[in-house]
Amino acid sequence: MKIAVCPGSFDPVTNGHLDIISRAAAIFDKVIVAVLTNSKKTPLFTVEERMELIRSATADYPNVEVDTFDGLLIDYMKQRQAQVLIKGLRAVSDFEYEMQMASVNKKLDDSVETFFMMTSNQYSYLSSSIVKEVARYHAPVSDLVPPVVEQAILAKMKNR
């Protein structure tokens with residue numbers, strides 16, 4: 001069984017993330033969406049909330065599982081017996097950082113392969129940060145995120 005891990009903070013999950021997840025799900029036997037805490041960012045949603053939003057958004061994909069982890073991604077992949085790391089790329093600027101991470105991961109465990117997937121053109125500008133910024137000013141985000149995420153964002157923004 002070929003198991004792929006798609007890691008990220010997913011705060012919140014966007015249509016761009018779902019583009020990568022759905023395409024990976026069509027290729028691999030199992031795709032684990034691994035939600036992590038990014039200490040460099042101030043999250044809008046808790047890890048548990050993000051996981052539930054991703055579960056709702058990926059409910060139509062029986063081979064997609066949502067999980068969380070702490071520590072090194074390579075250690076998590078060994079624990080889950082995953083062979084492939086999926087990273088979505090939007091632009092050349094993403095590639096530079098992701099290439100460094102792929103090189104480090106390969107040094108730590110040369111049995112893990114990193115697959116870079118270009119996001120579909122319609123999502124090349126999209127990031128969780130942009131979604132939060134747009135929502136902060138009460139502009140519509142319905143084209144940027146799935147409906148369940150839009151509702152969760154609207155609920156969060158009412159409290160801010």
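Note that the coordinates shown come from a computational prediction; the quantities given were computed from them, not determined experimentally.
Atom OG in S127 sits 9.5 Å away from atom CG in L144 (nearest 0.5 Å). Remark: L89 CG to T119 OG1 distance equals 9.0 Å, nearest 0.5 Å. Remark: E96 CD to M99 CE distance equals 10.5 Å, nearest 0.5 Å. Atom CD of Q151 is separated from atom CG of L53 by 11.0 Å, given to the nearest 0.5 angstrom.
Panel note: side chain N63, backbone F28; a donor-acceptor pair is recorded below 3.5 Å. Remark: the backbone N or O of I3 is not paired with any side-chain donor or acceptor of D29 at under 3.5 angstrom. Listed for the T68 side chain is a donor-acceptor partner under 3.5 Å among the backbone atoms of V35. Side chain of D19 to main chain of N15: no donor-acceptor pair is present (N/O by atom type, distance under 3.5 Å, no hydrogens or angles). The closest donor-acceptor contact from the side chain of Q100 to the backbone of F95 lies at 3.5 Å or more, if one exists at all. Under the 3.5 Å distance criterion, the side-chain polar atoms of T14 are matched with a main-chain donor or acceptor of G16. With hydrogens and angles ignored, the 3.5 Å screen pairs no side-chain donor or acceptor of R90 with any backbone N or O of Y123.
Between F69 and Y76, the ring-plane angle classifies as parallel under the 30° and 60° cut-offs.
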**Prompt:** Can you list the steps and then say if I32 with R80 is a side chain to side chain contact (heavy atoms under 4.5 Å, CB included)?
**Reply:** CA-CA 9 Å; I32 302 169; R80 298 303 310 266; 3.6 Å; yes
**Message:** Set out, in order, the CA-CA distance, both residues' side-chain angles and the distance that settles side chain to side chain contact (heavy atoms under 4.5 Å, CB included) for L44 and M157, then state yes or no.
**Reply:** CA-CA 9 Å; L44 179 61; M157 291 302 164; 4.0 Å; yes
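For the residue pair D109/S111, the side-chain donor-acceptor check at 3.5 Å is satisfied. A donor-acceptor contact closer than 3.5 angstrom is absent between the side chains of S128 and D11.
The 12-atom threshold is not exceeded at CG of D143, counting heavy atoms of other residues, nucleotides or ligands nearer than 6.0 Å. Around the OH atom of Y97, the shell of radius 6.0 Å holds no more than 12 heavy atoms that belong to other residues, nucleotides or ligands.
Side-chain atoms of I86 and V5, non-hydrogen and from C-beta on, never get closer than 4.5 Å to each other. Residues E98 and F116 form a side-chain contact, since some pair of their non-hydrogen atoms from C-beta on lies under 4.5 Å apart.
Taking a cutoff of 4.0 Å between a charged side-chain nitrogen and a carboxylate oxygen, E65 and R55 do not qualify as a salt bridge.
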